[in-house]
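To keep things clear, I will list the structure first and then write my remarks on it.
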Amino acid sequence: SLLNSLSNSNLLINGDFQVWQRGTSFNYNGTNNSNIYTADRWRLIQGGEGATANILKTSEIEENTLTISGFIKPSGIEMALSQKLDYPLQKEDGKSYTLSLLYSSTLNSELCIREYDTNDILGRIAMPSSVSISRVSFTFDSSRLSKKNNRVEIYISFGSEETYDNDQINLSNIKLEVGSVATPFVPRPYGEELALCKRYFERIGNYRSNILGDVGFSIPNSQILKTILHYSSKRVLPTINLSVLSNYRVYYENTGVMTSSLLNEINIREVMDNCASLVLHPTNPCDAQAYFQLQRQDDSTSAWIDVDAEIY
C-alpha cells in the first residue's frame with residue numbers, strides 16, 4: 001500500500017500495545033521501588049515509594065492504547081514507562097533516528113531516549129497536558145552515543161518535580177525509526193508482533209484446558225512424572241516461573257480409568273534456549289506406565305508457566 005511505502009520500520013517492539021500476555025489490567029501500588037512489566041516489552045519503573053495507578057489496555061486513542069489512570073504521585077518520585085533495546089546503536093554509522101508517539105493526558109511528562117549503560121540522555125521532548133490527541137517527535141544523531149555502540153532505552157518520564165492527583169495519560173503508536181522524519185505508524189500483523197514479544201517473555205497456559213502442550217510419560221509405581229516444556233526461542237537462557245502450585249493437577253490414564261492428582265512439587269531441571277525439562281511429583285502415584293498431561297485444576301482456576309528472558 002501507499003502508506004507502507006511511505007513508512008520506515010519500527011525499531012521498537014509492541015509500540016502500538018497489541019500484545020498483553022501478562023493480562024490487560026494492573027493495579028500498581030508502588031512500594032520498595034516496585035517495577036512491573038505491563039503490555040509486552042513495556043515496564044513501569046519508579047525510584048521511591050508512594051505512587052499508585054491503574055495500567056489498562058483501552059481504545060482511548062487507537063484500538064490498542066496503554067492507559068495509566070487514577071495516577072497519584074507525590075513530588076520527589078521519579079517514574080517512567082520504558083522499553084530497553086537489547087541490540088546496540090552504532091555511533092559511527094552516521095544515521096539519524098526519530099522517536100515519536102501519540103498521546104492525550106491530564107498530566108505533564110516527557111518522551112526521552114538514553115543510553116542505559118551510562119544513563120546519558122540522547123534526546124527528549126516535553127509532553128504537556130493535552131485533552132486532545134497530540135503527536136510529539138524529535139530526532140537525534142548517532143554521533144551523540146558515548147562509545148562506538150551502545151544500547152538505548154526509550155521511556156516516557158514522569159519527573160520527580162511533577163505531582164499527580166488522580167491523573168490519566170493515554171499512549172499509542174510509539175515508534176523509533178531511522179531517518180530525520182517521523183513517518184506514518186504501520187502496525188505489524190498481530191502474529192508477527194507476538195512472535196517478537198515471545199523472544200523476551202512467554203506465558204504458557206492460563207485459561208486453557210492444557211497448561212503444557214506436551215504429553216509426558218510416567219515412571220511406573222512412582223511419584224515422578226517427567227515432561228519437556230517447549231517454548232519459542234529466547235534471546236538468552238530464560239527463567240521459568242510457576243503460578244500457585246495448588247492450581248495445577250495432572251491427568252493420566254490408570255488401568256483404563258482417567259485419574260487425576262494434585263502436585264506436591266514441580267522441579268525445573270535443565271533450561272535451554274527453547275525448552276526445559278520438568279519433574280512433577282503428584283500426590284497420588286501412578287500405578288502403571290502412562291501418558292499424562294499437566295492442566296489447571298478446574299475452569300475457575302488461573303494457572304500458567306512464565307518463560308522470562310526480559311531485560312531488567
Side-chain angles (χ1 to χ4, degrees), residues 1 3-24 26 35-45 55-68 79-89 95-105 109-116 122-125 127 130 133-140 151-158 169-202 232 235 309-311:
S1 69
L3 187 61
N4 280 317
S5 68
L6 295 174
S7 178
N8 294 327
S9 297
N10 192 358
L11 301 179
L12 302 179
I13 297 174
N14 206 27
D16 58 346
F17 306 110
Q18 289 190 66
V19 182
W20 298 69
Q21 290 189 81
R22 297 170 180 84
T24 56
F26 305 84
N35 303 313
I36 61 168
Y37 271 98
T38 56
D40 278 48
R41 300 270 32 245
W42 292 99
R43 189 183 187 204
L44 187 64
I45 58 177
I55 301 95
L56 310 164
K57 179 183 179 182
T58 70
S59 55
E60 291 284 345
I61 298 177
E62 300 282 359
E63 180 182 358
N64 302 299
T65 299
L66 187 148
T67 294
I68 304 177
M79 296 184 67
L81 182 74
S82 84
Q83 180 174 145
K84 291 181 176 180
L85 278 65
D86 68 334
Y87 55 86
L89 301 184
K95 292 180 179 178
S96 295
Y97 294 87
T98 297
L99 183 61
S100 62
L101 60 70
L102 294 177
Y103 81 100
S104 61
S105 178
S109 57
E110 277 189 316
L111 175 62
C112 309
I113 184 169
R114 67 183 173 193
E115 300 176 357
Y116 67 80
L122 301 173
R124 66 201 313 168
I125 190 170
M127 296 167 55
S130 173
I133 297 172
S134 301
R135 189 185 198 193
V136 293
S137 67
F138 65 85
T139 298
F140 68 95
R151 296 177 297 176
V152 298
E153 177 181 14
I154 285 77
Y155 62 104
I156 295 89
S157 173
F158 309 114
I169 185 169
N170 308 301
L171 302 163
S172 191
N173 292 6
I174 307 178
K175 185 175 183 179
L176 176 65
E177 60 189 299
V178 176
S180 58
V181 177
T183 62
F185 190 102
V186 177
R188 298 184 184 99
Y190 178 82
E192 180 181 343
E193 199 77 69
L194 177 61
L196 292 171
C197 291
K198 283 184 174 182
R199 183 170 174 265
Y200 299 82
F201 175 87
E202 184 173 352
S232 301
R235 66 179 192 91
E310 259 297 358
I311 305 172

Exercise. Mind running side-chain contact (heavy atoms from CB on, under 4.5 Å) on Ile113 and Val152 for me, showing each step along the way?
Key: CA-CA 7 Å; Ile113 184 169; Val152 298; 4.0 Å; yes
Practice problem: Could you give me the CA-CA distance, side-chain angles and deciding distance for Glu62 and Phe185, then say whether side-chain contact (heavy atoms from CB on, under 4.5 Å) is met? | Solution: CA-CA 11 Å; Glu62 300 282 359; Phe185 190 102; over 6 Å; no
Self-check item: Worked check of side-chain contact (heavy atoms from CB on, under 4.5 Å) between Gln21 and Leu194
Solution: CA-CA 9 Å; Gln21 290 189 81; Leu194 177 61; 4.0 Å; yes
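Annotation: side chain of Glu193 is not in contact with side chain of Asp40 (no heavy-atom distance under 4.5 Å). At a threshold of 4.5 Å between non-hydrogen side-chain atoms, the residues Thr98 and Lys175 do not count as touching. Between Leu66 and Ile55, the closest side-chain pair of non-hydrogen atoms falls below 4.5 Å. Within the 4.5 Å cutoff, the side chain of Thr38 has heavy atoms near those of the Leu81 side chain. The shortest side-chain heavy-atom distance between Ile169 and Phe158 falls under the 4.5 Å cut-off. The side-chain heavy atoms of Ile311 and Arg235, taken from C-beta on, include a pair separated by under 4.5 Å. Contact of the Leu171 side chain with the Trp42 side chain is not registered, since no non-hydrogen atoms from C-beta on lie closer than 4.5 Å. Using a 4.5 Å cut-off on side-chain heavy atoms (C-beta onward), Tyr155 and Tyr116 make no contact.
Gln18 contributes atom CD, which lies 9.5 Å from atom OG of Ser172 (distance to the nearest 0.5 angstrom). In this structure, the separation between CH2 on Trp20 and CG on Leu56 is 7.5 Å, given to the nearest 0.5 Å. Here Asp16 contributes atom CG and Leu102 contributes atom CG; the two are 10.5 Å apart, rounded to the nearest 0.5 Å. Put simply, CD1 on Ile133 and OH on Tyr103 are 11.5 Å apart, with the number rounded to the nearest 0.5 Å. In this structure, the separation between CG on Asn35 and CZ on Arg43 is 4.5 Å, given to the nearest 0.5 Å. Taking CG of Asn10 as the reference point, atom OG of Ser100 lies at 8.0 Å (rounded to 0.5 Å).
Using modelled atom types and a 3.5 Å distance limit, the side chains of Ser82 and Glu153 yield a donor-acceptor pair. Under the 3.5 Å distance criterion, with hydrogens and angles disregarded, a donor-acceptor pair is assigned to the side chains of Glu177 and Thr183.
A donor-acceptor pair under 3.5 Å is formed between the side chain of Gln83 and the backbone N or O of Ile13. Side chain of Asn14 to main chain of Val19: a donor-acceptor pair is present (N/O by atom type, distance under 3.5 Å, no hydrogens or angles).
Residues Ala39 and Phe17 come closest through the heavy atom pair CB-CD2, 3.8 Å. Minimum interatomic distance between Cys112 and Arg124 (heavy atoms only, all atoms of both residues): SG-CB, 3.9 Å. Minimum heavy-atom separation, Thr139 to Ser180: OG1-O, 3.3 Å. Across Lys198 and Ser232, no two heavy atoms sit closer than the pair CD-OG, 3.7 Å.
Ring planes of Tyr97 and Phe140: parallel class, angle under 30° (limits at 30 and 60°).
Sparse packing is recorded around CD of Glu63, with 12 or fewer heavy atoms of other residues, nucleotides or ligands lying under 6.0 Å away.
Under the side chain to side chain donor-acceptor pair (under 3.5 Å) rule, Thr58 has a single partner from Asn64, Thr65, Thr67, which is Thr67.
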